[in-house]
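Have a look at the structure below before the remarks.
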Amino acid sequence: MMRSISYAFASTTKRFVRRKIQGKGSPRIAPSSFNLFWERAFSGGYREKLSRNGLSDLKLDEAVDLFSDMVKSRPFPSIVEFNKLLSAIAKMNKFDVVISLGERMQSLGISHNLYTYSILINCFCRRSQLSLALAILGKMMKLGYEPSIVTLSSLLNGYCHGKRISDAVALVDRMVEMGCQPNTVTFNTLIHGLFLHSKASEAVALVDRMAVKGCQPNLVTYGTVVNGLCKRGDIDLALSLLKKMEKGKIEPDVVIYNTIIDSLCKYRHVDDARNLFNEMENKGIRPNVVTYSSLISCLCNYGRWSDASRLLSDMIERKINPNVVTFSALIDAFVKEGKLVEAEKLYEEMIKRSIDPNVITYNSLINGFCMHDRLNEAKQMFSLMVSKDCLPNVVTWGTLIKGVCKAKKVEDGMDLFREMSQRGLVGDTIVYTTLIQGFFQAGDCDNAQMVFKKMVSDGVHPNIMTYNILLDGLCNNGKLETALVIFHDLQKSKMELDVVTYNIMIEGMCKAGKIEDGWILFCSLSLKGVKPDVVTYNTMISGFCRKDLKEEADALFNQMKENGPRPNSGTYNTLIRARLRDGDKAASAELIKEMRSCGFAGDASTISIVINMLHDGRLDKSFLDMLS
DNA sequence: TTAGGGTTAG
């Protein structure tokens, strides 16, 4: 058994703990009388720390020191005291430490009891080491300990977090056979597991079934279900559960309201969210900083700045203090809106209020500088965060890399990528995709493809964005054939292609003169269940115009007006340029009139053609006036 | 002395 447990011990934390619990390297020697005196004097200390108050704010370091003190004292403290300490460490989510200390106890001859085994089973389950948890279960049963409802619920939790939801369901059924009646905690665990495995309807049904089996759903039950439903956008059902819990005399708390309010915001029902906010107030449930942050963030993202600012004043007036999340949400929204000055003011304000910016705050500000091509300031912000012990993450590096790529310095981007890797961070899909795009923009197909290959060999999954950038880059750099090979593989794969992918390929085909292939692909879209958008039509129309297939272009334009997407400025300008190149002044003028009546104007390339034609006398000045 | 869930920002 010792062996089977020990192979779980491999992490750095464990090595750290080993060092600590084994002392400074000297083997344990029989205590001298002075040591005995010293250790007895100590024993009062750990008892005090093990009391309820002492454990509540214990740090990991102190807990490990405490353990060292306990194993030094003679006689050994009781197993109950060890259990209390292990449990406190487990509550810090330091499961590997608990396992390590449990092993140490055994090697010192301190026997485990039912509670110790339950704690260890829970720890192995939380670390997804189900087989080790089962090994412990076998061992304790051999020693004559019957697993309790708590032991079995821990195991159930392990099944739920792994890939074995069917085993979890079976375990609950077997518990009844074993004469161990599942309780509310058991059902709550299983309900959570069902949500983790996308079995929402089974989870909801279980709320009723547990009541039949004599377990009343509680706040935890509803918290689990409401959150699970909101995550998948089932807000109506979540709201009906809110009503149901009120009927069942269970007071919803602010967190449950926050969950639903945030989902309503995310799914664009901001006004419903405001109504629910009022409803909770009327029920006497006070909104907190999370409620406000959620609403403010969404309002900003939808551009409802005045509503957001009203809410901000409202919360401050009510002495609900904005926190780092509130500020970060505001800063990010301002940055995305291009209002870097306001974002910086907010940053100063949070410093003034002694709210420490975190990695998300810094990332937004760095992004702001990059968006305005102020790379030096972005890098200064990067240094600042490092100096404040705020560790840059993959988003930070990705933002900087995107910034330098935008400034056409993809080689610097690669340097940053290497530096990031050296610091132990692994590039994600966005980082690789940014670099691929950077190389294509620099016309460097070879390196772009090299990065793509590296991405795949590094086990990072390309997403549809990656493929769109790859296909677009290949097409724009004269490599249609390579793009086609990838495109055909993609169509056979599980990756869901969006209309953008097809637009890129149609454009690639048209620009390479393969107008018929483009048209065949265009016509196949409806069969694939993809709706061509305005860009698809414009691309195809432009392809026809380029090949001087005016009738086809006009036919498509008419089809668009009848039952396609609304023509935009690009549609009109493409058609107008074709007419101008033909020297068909009357038709051009008519199209320009129609375009203007739709609220669009001539774009840069149309204007430039007109100016050229003015110069060589093919057009008169009135034409230019018509355009804008 | 052992078990369960849920909220905000990139």
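By convention in this document, chain letters (A, B, ...) are assigned in the order of the sequence lines, proteins followed by strands, and residues within each chain are numbered from 1.
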Handout entry: Closest nucleotide among dG10(B), dT1(B), dT8(B) to the Ile360(A) side chain
Key = dG10(B)

Completion exercise
In whole angstroms, the gap separating C1' of dA3(B) from CD of Gln181(A) amounts to 16 Å

Practice task
Check the distance between dT1(B)'s C1' and Met140(A)'s CE and give it to me in whole angstrom.
Solution key: 14 Å

Exercise for the section: Give a yes or no on whether a donor-acceptor pair under 3.5 Å exists between the nucleobase atoms of dT7(B), that is its base, and the side chain of Thr259(A). Expected result: no

Practice task
Remember a base hit wins even if backbone is also touched, and classify Ser293(A) as base, sugar-phosphate or nothing at under 4.0 Å, heavy atoms.
Solution key: base

Practice task
Have a look at Thr361(A) and say if it touches a base, only the backbone sugar-phosphate, or nothing, with a 4.0 Å heavy-atom cut-off.
Solution key: nothing

Practice task
State, yes or no, whether a side-chain contact exists between His161(A) and Ser128(A) at a heavy-atom distance under 4.5 Å.
Solution key: no

Problem - Side-chain H-bond candidate by donor/acceptor type, Ser153(A) with Thr189(A), under 3.5 Å - result: no

Handout entry: Straight-line distance of Thr291(A) OG1 to Asp262(A) CG, nearest 0.5 Å
Key = 10.0 Å

Exercise for the section: Report yes or no: is there a donor-acceptor pair, N or O only, under 3.5 Å between the side chain of Asn258(A) and the base of dG6(B)? Expected result: no

Exercise for the section: Please state whether the phosphate of dG5(B), meaning OP1 or OP2, lies under 4.0 angstrom from any side-chain nitrogen or oxygen of Lys231(A). Expected result: no

Handout entry: Out of dA3(B), dG5(B), dT2(B), whichever nucleotide has its closest atom nearest the side chain of His161(A)
Key = dG5(B)

Exercise for the section: May I ask you to list the residues of residues 379-393 of chain A, by number, that have any heavy atom positioned under 4.0 Å from an atom of DNA chain B? Expected result: Asn393(A)

Handout entry: Asn323(A), nearest nucleotide to its side chain (from dA9(B), dT8(B), dT2(B))
Key = dT8(B)

Handout entry: Separation of atom NE2 in His192(A) from atom P in dG6(B), rounded to whole Å
Key = 4 Å

Exercise for the section: Would you mind reading off the distance between Ile260(A) atom CD1 and dT7(B) atom P, rounded to a whole angstrom? Expected result: 12 Å

Exercise for the section: Considering just the side-chain nitrogens and oxygens of Asn367(A), establish if one lies under 4.0 Å of OP1 or OP2 belonging to dG10(B). Expected result: no

Exercise for the section: Pick base, sugar-phosphate or nothing for Val226(A), based on heavy-atom distances below 4.0 Å to the nucleic acid. Expected result: nothing

Completion exercise
Picking from dA3(B), dA9(B), dG10(B), the nucleotide nearest the side-chain atoms of Lys266(A) would be dA9(B)

Practice task
Check every atom of dA9(B), dT2(B), dG10(B) against the side chain of Ser328(A) and return the nucleotide holding the closest atom.
Solution key: dA9(B)

Practice task
Please state how far atom CE in Met245(A) lies from atom C1' in dG5(B), giving the value in whole angstrom units.
Solution key: 12 Å

Exercise for the section: Please tell me which of the listed nucleotides, dG10(B), dG5(B), dT8(B), lies nearest to the side chain of Val325(A)? Expected result: dT8(B)

Problem - No-hydrogen, no-angle side-chain donor-acceptor test under 3.5 Å, Ser154(A) and Asn157(A) - result: no

Problem - Pair Asn83(A)-Thr116(A), side-chain donor/acceptor within less than 3.5 Å - result: yes

Exercise for the section: Can you sort out which residues in residues 80-88 of chain A have a heavy atom within less than 4.0 Å of DNA chain B? Ascending by number, please. Expected result: Val80(A), Asn83(A), Lys84(A), Ser87(A)

Practice task
Mind checking Ile256(A) for me? I need base, sugar-phosphate or nothing, with any heavy atom below 4.0 Å counting as a touch.
Solution key: base

Exercise for the section: Check the side chains of Ser383(A) and Gln380(A) for a donor-acceptor pair under 3.5 angstrom, ignoring hydrogens and angles. Expected result: no

Exercise for the section: To the nearest Å, give me how far apart CG (Leu295(A)) and C1' (dT8(B)) are. Expected result: 10 Å

Problem - Ion pair Arg310(A)/Glu317(A), N-O distance below 4.0 Å - result: no

Handout entry: d(CG, Leu242(A); C1', dT7(B)) in whole Å
Key = 14 Å

Exercise for the section: Remember a base hit wins even if backbone is also touched, and classify Ser294(A) as base, sugar-phosphate or nothing at under 4.0 Å, heavy atoms. Expected result: sugar-phosphate

Completion exercise
Among dG6(B), dA3(B), dG10(B), the one nearest any side-chain atom of Val255(A) is dG6(B)

Practice task
Have a look at Asn288(A) and say if it touches a base, only the backbone sugar-phosphate, or nothing, with a 4.0 Å heavy-atom cut-off.
Solution key: nothing

Handout entry: For the student: nearest non-hydrogen atoms of Cys160(A) and Leu190(A), plus distance
Key = SG-CA, 4.1 Å

Completion exercise
Between CG of Asn218(A) and C1' of dA3(B) the distance, given in whole Å, is 13 Å

Exercise for the section: Using only heavy-atom distances, determine whether the side chains of Asp332(A) and Asn363(A) contain a donor-acceptor pair under 3.5 Å. Expected result: no

Practice task
Could you work out which one of dG6(B), dT8(B), dG10(B) sits closest to the side chain of Asn363(A)?
Solution key: dG10(B)

Handout entry: side chain to side chain donor-acceptor pair (under 3.5 Å) against Lys339(A), all qualifying residues, sequence neighbours excluded
Key = none

Practice task
State, without any angle test, whether Asp65(A) and Ser68(A) hold a side-chain donor-acceptor pair at a distance under 3.5 Å.
Solution key: no

